Each structure stands twice: as C-alpha cells, then as structure tokens.
2 protein chains.
Amino acid sequence: MAKPPKENSPITEHLAYLLAQANREINRQLETRLSKEGVPVEQWRILKVLSDGEGHSMGELADAVLLNHPTLTKMIDRMVSDALVYRVQDPKDRRKVLMFVSDRGKALSRRLNSLAVSQEEHIVESYGDKSTTELKRLLESLIGTAN
Amino acid sequence: MAKPPKENSPITEHLAYLLAQANREINRQLETRLSKEGVPVEQWRILKVLSDGEGHSMGELADAVLLNHPTLTKMIDRMVSDALVYRVQDPKDRRKVLMFVSDRGKALSRRLNSLAVSQEEHIVESYGDKSTTELKRLLESLIGTAN
DNA sequence: CTTCAATTGTTGAATATTCAATATTTTCAC
DNA sequence: GTGAAAATATTGAATATTCAACAATTGAAG
C-alpha cells in the first residue's frame with residue numbers, strides 16, 4: 001500500500017513531484033505535435049478559450065490559460081502581430097480590454113485542436129480509456145479542493 | 001460519463017490542461033510553504049535527491065529534478081555560492097561532475113522536507129487519503145506509459 | 001459631487017530560461 | 001593505437017518571464 005511520504009521517502013513519492021513530472025511529459029508531447037503549426041501550447045489555449053466567440057478580458061483570459069498578466073500581455077502582442085486575435089476596449093468598463101479571435105485565428109485554432117485531440121486519443125490508446133477518465137476525474141476534484 | 005474531447009469540447013476537459021492546472025496549483029501551495037526558508041521548489045528537489053549522500057552527476061540530477069542542463073548548472077552555481085552543495089570531479093569519468101550536499105544543505109533539506117510533508121498531509125486531509133493514493137498511482141502509471 | 005481606494009492592463013528593468021556553440025573526456029571502429 | 005563520433009558539462013547570446021511601478025478607469029465613502 002502506498003503511504004504518504006514520511007521522513008525520508010524519495011521525491012518520486014510526493015504528489016507535487018508526480019504532478020510536475022506527468023505535466024512535463026504530456027506537455028512536451030503536445031508541444032511536439034503543435035510545433036507542426038509552429039505554435040506554443042499557450043497559444044493553443046488562448047485560441048481555444050477565445051473560440052467561443054465571446055470577448056474575454058485579459059484578466060479572465062490570464063486565469064483561463066494559466067498565465068500571469070504581464071506574460072499574457074506580451075504573448076497577446078505577438079498574436080496580434082500575427083493577426084490571430086484583436087483587442088477591443090470594453091464599452092461597459094473602459095479599464096478592460098476584450099479579446100477576440102480573428103478568422104485566421106479560428107482557422108488555426110481548428111487545426112491545433114485536431115492535433116490536440118489526436119494526442120489525447122493517442123494517450124487513451126496506450127494508457128487506457130478507464131485510467132484516463134479516472135485520472136481526469138481525480139484531477140478535477142483535486143483542483144476543486146485546492147481552491 | 002466523461003468522454004474524450006471531441007470537436008469543440010472546452011479546454012478544461014483536456015488531460016494536458018487539467019495536469020497543467022493541478023500542477024500549477026499544488027506547486028504554488030508548496031512554493032508558499034517553502035518561501036519560509038526562502039528557497040524555490042527546484043532547490044528542494046535538488047537537495048532531496050542529493051540527500052541520499054551519493055554523488056550524482058549533473059545529467060542524472062537534471063533528469064531527476066526536471067530541469068534542463070543549463071538551467072540546472074546555473075541553479076547549482078547559486079547553491080554552491082550558498083554553500084548548500086559542492087562539486088567533485090568524477091574520478092572514474094572525468095567528463096562528469098559529481099554533486100554532493102554539504103552539512104548546511106542537509107540541515108536545510110530536513111527543514112524543507114518537513115514543510116513539504118506538512119503540505120502533503122494538508123492535501124490528504126482535505127482531498128482524502130483514498131483519492132490521494134489513487135491519484136498518485138494513476139500518475140505513476142501515466143508517467144510509465146509515456147516513456 | 002469629490003476624493004480616495006480598488007481594479008484593470010501595460011511597461012521597463014531585473015531575473016531566469018533556453019538554444020546553439022564550445023571544451024573536455026571517453027568510447028568505439030578500424 | 002589513432003581518429004572520428006558520442007557523451008558530459010558549461011558558457012554567452014537570445015528569448016521569455018516576473019516583479020514593481022505606472023496610468024487609466026471605476027467604485028464607494030463621506
């Protein structure tokens with residue numbers, strides 16, 4: 001039976017370490033797939049979130065895509081240069097900026113999504129449907145607990 | 001029943017995203033604890049791995065602590081300045097450098113480990129023993145599958 | 001209404017990470 | 001044994017991220 005890490009358990013038994021390791025590995029796989037389109041994982045996230053067609057403020061977006069505000073600002077600057085997204089000042093609250101995805105961004109988002117889905121299918125294939133579903137359930141629950 | 005992400009599933013259903021989110025959250029909690037000693041999470045990992053008293057090469061260590069080689073080199077430089085670890089040229093293979101933890105490093109490692117264990121206990125408390133154990137098992141299995 | 005605090009987003013400087021190139025040593029084919 | 005290729009660690013330049021300060025706007029107390 002696996003026990004919680006006591007005095008001198010190896011680092012590989014710590015939840016924080018296992019999460020970092022698994023995240024690193026899966027992220028690297030995804031990165032490799034997305035590199036076909038020359039796009040970092042974070043931009044896939046941004047495009048995917050914006051693909052609901054709604055305008056999202058920078059703060060909202062930063063939370064959703066797991067980036068700090070200044071990092072997001074600079075990444076969005078690049079994506080604006082690439083004409084993937086654009087800024088609109090929120091008329092209801094002029095402190096805010098609403099982000100929208102362009103047609104070009106939508107097209108890219110579809111291609112990226114197909115790559116991401118294919119990665120996930122590949123994982124399900126080798127790791128198993130049951131394990132994948134259960135792992136997702138546990139992760140969601142952990143995230144819910146932590147907040 | 002949770003399904004694999006199809007055409008337009010939200011990003012929150014992707015395994016890669018859930019892992020990133022969970023990792024971010026747990027890592028942030030751990031970071032907060034360790035900040036009591038003014039030490040980043042990576043240094044905890046390094047000290048913990050080296051605490052077996054054996055000498056570890058930089059390559060070995062980089063794999064173990066999930067850092068790229070150049071990043072590790074520079075972090076080790078800082079830790080050497082802080083007298084937490086020291087370098088010894090491997091006599092069997094002079095390309096290699098063996099890293100060892102100093103007494104000061106060992107003492108810090110014990111304090112850090114106690115903080116890390118307390119974090120994990122806190123997670124088990126709110127998240128549950130069964131869920132934690134099961135999540136760890138699934139993560140280990142995923143990591144094994146991915147390699 | 002006015003003022004002060006809070007919210008939102010961006011900027012620039014400081015810091016950290018990554019990529020490519022390098023130096024050194026070992027391994028292996030011949 | 002020699003020379004070419006591989007392995008190991010580090011360096012410096014390019015890039016990215018973070019922190020603290022800022023500007024603009026809104027909210028709220030008086």
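It should be emphasised that the depicted structure is a prediction, and the values quoted were computed from it without experimental measurement. Here is how names work: the chains are called A, B, and so on, in the same order as the sequence lines, proteins then strands, and each is numbered from 1.
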Closest to the [X] side chain: [options]?
X	options	result
B:Pro70	C:dT18, D:dT26, C:dT10	C:dT18
B:Thr73	D:dT11, D:dT25, C:dT10	D:dT11
B:Arg78	D:dT11, C:dT17, D:dT26	C:dT17
A:Val97	D:dT10, D:dT18, C:dG9	C:dG9
B:Arg95	C:dT8, C:dT25, C:dT11	C:dT25
B:Asp77	D:dT11, D:dT8, C:dT11	D:dT11

**OP:** Determine whether B:Leu108 and B:Val101 make a side-chain contact, defined as any pair of heavy atoms from C-beta on separated by less than 4.5 Å.
**Re:**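 Not in contact.
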Original post:
So, do A:Ser141 and A:Thr145 sit near enough that their side-chain heavy atoms are less than 4.5 Å apart?
Top reply: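 Result yes, sub-4.5 Å side-chain heavy-atom pair found.
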If I take atom [atom1] in residue [X] and atom [atom2] in nucleotide [N], what distance separates them, rounded to the nearest angstrom?
X	N	atom1	atom2	result
A:Glu60	C:dT8	CD	P	10 Å
A:Glu31	D:dA16	CD	C1'	13 Å
B:Asp90	D:dA9	CG	P	9 Å
A:Asp63	C:dT8	CG	P	10 Å
B:Asp93	C:dC28	CG	P	12 Å
A:Met58	C:dT11	CE	C1'	13 Å
A:Met75	C:dT11	CE	C1'	17 Å
A:His69	D:dT17	NE2	C1'	14 Å

**OP:** Could you say whether B:Arg87 or A:Arg94 is positioned toward the 5' end of DNA chain D, judged by the nucleotide with the nearest heavy atom to each?
**Re:**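 Going by which nucleotide is closer to the 5' end, it is B:Arg87.
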Subject >> Whether B:Phe100 and B:Tyr86 hold their rings parallel, tilted or perpendicular, with breakpoints at 30° and 60° >> reply: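 Ring orientation, 0 to 90° scale: parallel.
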**OP:** Provide the closest heavy-atom pair for B:Asn23 versus A:Ala16 in the form atom of the first, atom of the second, distance.
**Re:**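 The pair with the smallest heavy-atom distance is OD1-O, 4.2 Å.
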Check whether any side-chain nitrogen or oxygen of [X] sits under 4.0 Å from OP1 or OP2 of [N], and answer yes or no.
X	N	answer
B:Thr71	C:dA16	no
A:Asn68	D:dT18	yes
B:Ser57	D:dT8	no

**OP:** Indicate yes or no: does A:Arg95 engage A:Asp93 in a salt bridge with an N to O separation below 4.0 Å.
**Re:**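 Salt bridge: yes.
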Original post:
Does any N or O donor sit under 3.5 Å from an N or O acceptor when you compare the side chain of B:Lys74 with the base of C:dT18?
Top reply: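 Per atom types, the contact qualifies.
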